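Written out below as C-alpha cells is the structure these notes cover.
Only a predicted model underlies this, so the values are computations on that prediction, with no experimental measurement involved. Note that ligands are numbered from 1 as they come in the structure, with each ligand's atoms numbered from 1 the same way. Start at 1 with the first residue, then count along the sequence.
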Amino acid sequence: MKKRTAVVTGASSGIGREIAKILSDKGFDLVLCARREDKLEELKSMLKTNTEIVTADLSEKNQCFKLYEKTRNKNIAVLINCAGFGGFGQFSETDLEKELEMIDVNIKSLHILTKLYLKDFVQKDKGYILNVSSSAGLMPAGPYMSAYYATKAYVTSLTTAIAQELKNNDSNVYIGALCPGPVDTEFNDVAGVKFGMKSISAKECADYGIKMMFQRKTLIVPSITMKASVISQRFLPRGLMASITGEIQKRKEIVINKN
Ligand SMILES: NC(=O)c1ccc[n+]([C@@H]2O[C@H](COP(=O)([O-])OP(=O)(O)OC[C@H]3O[C@@H](n4cnc5c(N)ncnc54)[C@H](OP(=O)(O)O)[C@@H]3O)[C@@H](O)[C@H]2O)c1
C-alpha cells in the first residue's frame, strides 16, 4: 500500500515547520514547500519519513499550480496551508505592493490549493485540509494590521463555509481553520512588530492544531486565553471590538519605538 503523504506550505519556519515534524513522527511522507530551500533541506535532514522539497513563491499563481502538479500523483492525504505573513501600520501609510503580496499568499494561494486538493479529496471521499488562519480571523477588524486581519477573516470564512458544505453532503473529507493568537515564530520579524501579549511556542500551537484536526474540529483556537477572548468578543458590539483590538495593536508599536 502507498504511504500517505502530507503537503505542508510555510514549512521552512515557525508553525509549518513544527507541523511537518509532527506529521512525520506520525508516519506521513512529506512534501515541504516555501521559498527558502536551505531551511527546507535542514528540516528534511531531521525527518524520518520520505520527504520531497518544492521551493515555490506562492504569491505567484503559477507556482501554486506547480506545487499541485508536482504532487498530484502522490497519495496526498493531508494539505496544510500554513504559508502567510502580516504587516503593521496605518492603512493610509502602509505599502500597497506588500499588501497585494500578502493577499496573494494569505488568500489567493490558500484558495487555489484548497480548491485543487479538495476536488481530489471529494472524489476519494477522504483527506484532511488544515488552513492556518489566526485569531485575527475571528475578530471584526484589526486596526493597524487591517489588511492582515482582513486576509485571515477570508480564510476563516471560506474554511467554515466549505466545512458546512462537506457536512451537508455527508462527506468524510475534513477541512478546518487553525486560529492561534500570538505564537513565537519569525512572524514578528517579517511583520515588523513585537507582541504586546504573551505568546505560545510554535510546537504547542502545532501539537494542538494537529490533534484537533484529527478530531475533526472546524475552528481550532489554541490557548485558554485566546479562547476566552474569542468567546467574549461575540457579546460585544463590532465597533467596540474594533476599538479594543486597535488599542492592543498599538501596543505593538509602542514596544517597537521603545527598542
Ligand atoms: N506567529 C503568530 O503569532 C501567528 C498567529 C496566528 C496565525 N499565524 C499564521 O501562521 C502561519 C505561519 O506563520 P508563522 O507564525 O509560523 O511565521 P513564520 O515563521 O514567518 O513562517 C511563515 C512561513 O510562510 C512562508 N511564506 C511566506 N511567504 C511565502 C511565499 N511568498 N511563498 C511561499 N512561502 C511563503 C515562509 O517561508 P519562506 O520565507 O521560506 O518562503 C515561512 O515558512 C501564517 O499564515 C500566519 O499568518 C501566525
Worksheet entry | Stacked cation flag K217 on Y174, 6.0 angstrom / 45 deg |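 Judged by the rule (NZ or CZ under 6.0 Å from the ring centre, within 45° of its axis), K217 is not positioned above Y174.
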
Worksheet item: Within 45° of the axis and under 6.0 Å from the centre of the six-membered ring of F28, does NZ or CZ of R4 qualify?
Response: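 Verdict for F28: a cation-pi partner in R4.
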
Fill in: D120 and Y68: CA distance, side-chain angles, deciding distance, side-chain hydrogen bond (donor to acceptor under 3.5 Å, both in side chains) verdict
CA-CA 11 Å; D120 293 346; Y68 173 70; 2.7 Å; yes

Mode of [X] contact toward ligand 1 - side chain, backbone, both, neither (heavy atoms, under 4.0 Å):
X    : result
I15  : both
S12  : both
C179 : neither
S199 : neither

Would you mind listing which atoms of ligand 1 come within a distance below 4.0 Å of any non-hydrogen atom of [X]?
X    : value
D57  : 30 (C), 31 (N), 32 (N)
S59  : 31 (N)
T185 : 1 (N), 14 (P), 15 (O), 16 (O), 17 (O), 19 (O)

Worksheet item: Can the ring centroids of F187 and Y148 be said to lie less than 6.0 angstrom from one another?
Response: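 So the answer is yes for these two rings.
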
Report the member of [options] with the shortest heavy-atom distance to [atom].
atom                    : options              : answer
atom 1 (N) of ligand 1  : I19, L32, N188, V183 : V183
atom 4 (C) of ligand 1  : A206, A191, G181     : G181
atom 12 (C) of ligand 1 : G10, A136, C82       : C82
atom 22 (C) of ligand 1 : A83, G16, G14, G84   : G84

Item to complete: Would you check, one step at a time, whether the test side-chain contact (heavy atoms from CB on, under 4.5 Å) holds for T114 with F121?
Response: CA-CA 10 Å; T114 297; F121 289 175; over 6 Å; no

Fill in: OG1 on T245 to CG on L240, rounded to 0.5 Å
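Answer rounded to 0.5 Å: 9.0 Å.
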
Worksheet item: Do any heavy atoms of C205 fall under 4.0 Å from ligand 1?
Response: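 So C205 does not count as touching ligand 1.
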
